[in-house]
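Residue numbers begin at 1 in each chain, while the letters A, B, ... track the order of the sequences.
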Number of protein chains: 2
Amino acid sequence: MTDPCLPECGVARFLTLLNGPWATLIVRELLRGPHRFTELRDSLPGISPHTLTNRLRQFERHGIVTRTTYAEIPPRVEYELTPLGEGLRDVLDAMGDWALAVPDPGAEVTV
Amino acid sequence: MTDPCLPECGVARFLTLLNGPWATLIVRELLRGPHRFTELRDSLPGISPHTLTNRLRQFERHGIVTRTTYAEIPPRVEYELTPLGEGLRDVLDAMGDWALAVPDPGAEVTV
DNA sequence: CAGCATCCTTCATGATACTG
DNA sequence: CAGTATCATGAAGGATGCTG
């Protein structure tokens, strides 16, 4: 894709920052509060540390998430949404509301 | 990704149905009204007919879009959102609202 | 605990050419 | 006009193993 971002299209910007299947799910988990790396990994069944790291780094770069390191033994790192990241709650809520109207994938209508 | 869909997670369902960079942008265009194939292609700079076809077919299968063929010469086909697809307007609006708060990617804060 | 390094797979997409 | 067919690419993701 060369440049799908039509000038006045905020949707495209959202898609650029929350790309990939996991991005939005990570944000969803962080909306419940700050998480340590392992907590996030355990809350997202199937995600690999590789992917989790990549997504979190991208979120940091985009100012959606803050990363706080505590110099302890064992080391502790906490990820937390910035105010900007918190603003995603409305979007995620809208997704959830919409999904309620979606018929179950396997459900067939009895004609 | 094996199964990112946590049981009560409508967000995951949304992501499954609107996957890929183009999906949401196509819906965004259809929210403006019914479109012919060529109209959609021209409204989405950079999209290939291959991709456009694939996305539209998937939307059809998921009940988000209807495809209507008119037996004319030259042939005419119109794509239109179903009520379910129309329901995505709220989600897209939320994305757009959020994006307004995102600092411009290249913009540096003058300290 | 919180990652990083490396290699490999999958999938949406792109490019190009062709048809009813 | 509205696609389909074929081949190729690139980025997200997965698997495994290792480190400060």
Side-chain angles (χ1 to χ4, degrees), chain A residues 1-6 11-12 14-27 29-30 34-62 64-80, chain B residues 1-6 12 14-30 34-62 64-80:
Chain A
M1 189 166 48
T2 38
D3 181 33
C5 185
L6 315 178
V11 173
F14 174 92
L15 296 173
T16 301
L17 268 53
L18 277 81
N19 58 337
W22 281 113
T24 309
L25 293 173
I26 295 172
V27 170
E29 194 57 35
L30 286 174
H35 282 65
R36 301 175 62 168
F37 186 87
T38 309
E39 288 173 345
L40 276 174
R41 195 195 53 199
D42 295 343
S43 302
L44 299 164
I47 198 171
S48 63
H50 177 76
T51 298
L52 183 52
T53 300
N54 285 348
R55 298 294 91 201
L56 288 172
R57 291 288 181 274
Q58 181 180 343
F59 289 159
E60 271 191 84
R61 285 198 305 275
H62 291 323
I64 293 175
V65 159
T66 58
R67 177 179 184 271
T68 310
T69 309
Y70 298 91
E72 307 174 355
I73 304 296
R76 185 160 65 97
V77 176
E78 281 204 338
Y79 293 94
E80 187 172 9
Chain B
M1 190 165 46
T2 36
D3 181 32
C5 185
L6 314 179
F14 174 92
L15 296 172
T16 301
L17 267 54
L18 278 81
N19 58 338
W22 282 113
T24 309
L25 293 173
I26 295 172
V27 169
R28 177 179 177 276
E29 194 56 35
L30 286 174
H35 282 65
R36 300 175 63 167
F37 187 87
T38 308
E39 288 173 345
L40 275 174
R41 195 195 54 200
D42 294 344
S43 302
L44 299 164
I47 197 171
S48 62
H50 178 76
T51 296
L52 183 52
T53 301
N54 285 348
R55 299 292 91 201
L56 288 172
R57 292 285 182 275
Q58 182 180 342
F59 289 160
E60 270 191 85
R61 283 198 305 275
H62 291 322
I64 293 175
V65 160
T66 58
R67 177 178 183 271
T68 310
T69 310
Y70 298 90
E72 308 173 349
I73 303 295
R76 185 161 64 98
V77 175
E78 280 205 337
Y79 294 93
E80 187 172 9

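- Here dA2(C) presents its P atom at 10 Å from CG of L52(A), a figure rounded to the nearest Å.
- At whole-Å resolution of the value, CG in L25(B) and P in dG14(C) are 11 Å apart.
- For the pair T53(A) and dG3(C), the criterion of a side-chain N or O lying under 4.0 Å from OP1 or OP2 is not met.
- Phosphate contact (OP1/OP2 of dA2(D), side-chain N/O of R57(B), threshold under 4.0 Å): absent.
- In this entry the distance linking CZ of F59(B) with P of dA12(C) reads 12 Å, nearest Å.
- Among all heavy-atom pairs drawn from L17(B) and F59(B), the shortest one is O-CE2, 3.8 Å.
- Nearest heavy-atom pair across E39(A) and P34(A) is OE1-O, 4.2 Å.
- Here the nucleotide nearest the side chain of T38(B), chosen from dA2(C), dA2(D), dT4(D), is dA2(D).
- Under 4.0 angstrom from either OP1 or OP2 of dA2(C) there lies no side-chain N or O belonging to T69(A).
- Looking at every heavy atom in both residues, P21(B) comes nearest to L15(A) through O-CD1, 3.7 Å.
- What separates CD1 of I26(A) from P of dG3(C) is a distance of 12 Å, to the nearest Å.
- Using a 4.0 Å cut-off, some side-chain N or O of N19(A) falls inside it from OP1 or OP2 of dA12(D).
- Comparing S48(B) and R67(A), the nucleotide of DNA chain C nearest to each residue sits closer to the 5' end for R67(A).
- Taking atom CD of E78(A) as the reference point, atom P of dC1(C) lies 15 Å away to the nearest angstrom.
- Taking every heavy atom of both residues into account, L25(A) and L44(A) meet most closely at O-CD2, 3.7 Å.
- One interatomic measurement links the two molecules: CH2 of W22(B) to C1' of dC11(C), which rounds to 17 Å at whole-angstrom precision.
- If you check every strand for non-hydrogen atoms under 4.0 Å, R41(A) touches nothing.
- The two atoms that bring E29(B) and H35(B) nearest to each other are O-CE1, 3.0 Å, heavy atoms only.
- In this structure, the CD1 atom of I73(B) is 12 Å from the C1' atom of dA2(D), given to the nearest Å.
- Side-chain proximity of P49(B) to dA2(D), dT4(D), dC4(C): nearest is dT4(D).
- Comparing the local axis fitted to the first five base pairs of the helix from dC1(C)-dG20(D) to dG20(C)-dC1(D) with the one fitted to its last five gives a bend of 60°, rounded to 10°.
- Atom CD1 of I47(B) is separated from atom C1' of dG14(C) by 11 Å (rounded to the nearest Å).
- When each of P74(A) and H50(A) is assigned the nucleotide of DNA chain C bearing its nearest heavy atom, the one mapping closer to the 5' terminus is P74(A).
- Backbone-only contact: R36(B) has heavy atoms under 4.0 Å from sugar-phosphate atoms and none from a base.
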Indicate every side-chain donor-acceptor pair of residues 69-77 of chain B with a distance under 3.5 Å to a residue at least two apart or in another chain.
| from | atom 1 | to | atom 2 | distance (Å) |
| --- | --- | --- | --- | --- |
| T69(B) | OG1 | R67(B) | NH1 | 3.4 |
| E72(B) | OE1 | R76(B) | NE | 3.4 |
| E72(B) | OE2 | R76(B) | NH2 | 3.4 |

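- Residue whose closest nucleotide on DNA chain D sits further toward the 5' end, between N54(A) and P75(A): N54(A).
- Listed nucleotides dA2(C), dG13(D), dA2(D) differ in distance to T51(A); the shortest reach to its side chain belongs to dG13(D).
- Applying the salt bridge (charged side-chain N to carboxylate O under 4.0 Å, His left out) test to pairs two or more places apart or on separate chains, those with a residue in residues 40-61 of chain B are R57(B)-E60(B).
- Y79(A) comes within 4.0 angstrom of sugar-phosphate atoms only, judged by non-hydrogen atoms across all strands, and of no base.
- For the residue pair L18(A) and I64(A), the shortest heavy atom distance occurs at CD1-CD1, 4.1 Å.
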